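Everything numeric in this text was worked out from a predicted model, so none of it was measured. Residue numbers run from 1 in the order of the sequence given. These values consider heavy atoms only, across backbone and side chains, with no hydrogens, waters or symmetry-generated copies.
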Amino acid sequence: MSTEELRVSKIKDGTVIDHISGGYALDVVKMLGITGKEKRVMTIAINVPSKQLGTKDIVKIEGRVLSSEEVSRIALVAPYASINCIRNFAVVEKVEVKPPRVVSGIVKCANSVCITNSDEPVRSKFSVDSIDPLILKCHYCGYTLEKNAILSQM
């Protein structure tokens with residue numbers, strides 16, 4: 001049996017998001033608002049073999065550091081991800097994402113009669129009922145959202 005090796009070029013400064021669940025790299029990129037027109041180098045590897053996850057995705061973004069809100073969003077769709085901050089080709093910080101217990105203001109409740117969808121200025125709030133599969137429960141009306149419904153909003 002031959003050994004296969006992934007060869008992806010290093011980035012000088014930026015962020016590497018590793019251990020994204022296989023097939024979700026493009027969702028992560030979309031959540032970060034990246035369109036490809038930003039004139040920065042980016043590498044996306046999808047469905048790479050992984051001993052820990054079976055398959056994983058990797059996103060490398062040159063010249064970009066993620067905010068804590070962006071890390072929280074990533075944790076929703078990639079609960080096993082690690083985020084590496086790169087400076088001068090070296091990892092200077094490594095963060096394991098932690099899915100939040102409560103999600104506020106990131107997604108909307110799909111229940112049309114929920115108070116968060118009225119004219120009242122009420123910010124959405126969900127408890128994380130399950131990480132894998134992702135299920136959010138509205139704090140106000142109890143409506144549940146699953147991963148696909150959440151991704152369609154981001």
Donor-acceptor under 3.5 Å (Ser124 side chain, Cys109 main chain)
no

Would you find more than 12 non-hydrogen atoms of other residues, nucleotides or ligands less than 6.0 Å from Lys108 atom NZ?
no

ILVMFWY network linking Val97 to Leu53, side-chain heavy atoms under 4.5 angstrom:
no

With the 4.5 Å side-chain cut-off for hydrophobic clustering, are Ile106 and Ile34 part of the same group?
yes

Under 4.5 Å between side-chain heavy atoms, hopping through other hydrophobics if needed: is there a path connecting Val91 to Ile11?
yes

Where do Lys137 and Gly142 come nearest, in terms of heavy atoms and distance?
CG-O, 3.7 Å

Would you name the heavy atoms of Phe89 and Lys10 that are closest together and state the gap between them?
CD2-CB, 4.0 Å

Chi angles and distances behind the side chain to side chain contact (heavy atoms under 4.5 Å, CB included) call for Arg101, Val128
CA-CA 5 Å; Arg101 292 182 175 179; Val128 179; 5.6 Å; no

Quick one: does any side-chain atom of Thr15 pair with a main-chain N or O of Ile61 as donor and acceptor, under 3.5 Å?
no

Note: Ala25 and Ile20 closest approach over all heavy atoms is N-CG2, 4.0 Å

Which pair of heavy atoms, one from Pro100 and one from Ser72, lies closest together, and at what distance?
CD-O, 4.3 Å

Side-chain donor/acceptor pairs under 3.5 Å, residues 129-136, sequence neighbours excluded:
residue, atom, partner, partner atom, Å
Asp129, OD1, Ser127, OG, 3.4
Ser130, OG, Pro133, O, 2.6
Asp132, OD2, Tyr80, OH, 3.2

Pairwise distance CD(Gln153) to CG(Leu145) - rounded to 0.5 angstrom:
6.5 Å

Can a donor-acceptor pair be found, under 3.5 Å and without considering hydrogens, that links the side chain of Asn117 to the backbone of Asn111?
yes

Once side-chain hydrogen bond (donor to acceptor under 3.5 Å, both in side chains) is applied, what residue pairs with a partner in residues 88-99 remain, sequence neighbours excluded?
none

Any donor-acceptor N/O pair, Asp18 side chain to Ile58 backbone, under 3.5 Å
no

Work out which heavy atom in Arg73 is nearest to a heavy atom in Met31; give both atom names and the distance.
O-CE, 2.7 Å

Side chain to side chain contact (heavy atoms under 4.5 Å, CB included) between Ile17 and Asp57, worked out:
CA-CA 8 Å; Ile17 308 165; Asp57 293 355; over 6 Å; no

Keeping to residues at least two apart or across chains, list the side-chain hydrogen bond (donor to acceptor under 3.5 Å, both in side chains) pairs with something in residues 22-42.
Thr35-Glu38

Looking only at heavy atoms, which two atoms of Ala110 and Tyr143 are closest? And how far apart?
CB-CE2, 3.5 Å

Linking I/L/V/M/F/W/Y whenever their side-chain heavy atoms sit closer than 4.5 Å, directly or via other members, would Leu66 and Leu26 fall into one cluster?
yes

So, taking the atom named CG in Asp13 and the one named CD1 in Ile86, what distance separates them when rounded to the nearest 0.5 Å?
9.0 Å

CD (Glu146) with more than 12 external heavy atoms under 6.0 Å
no

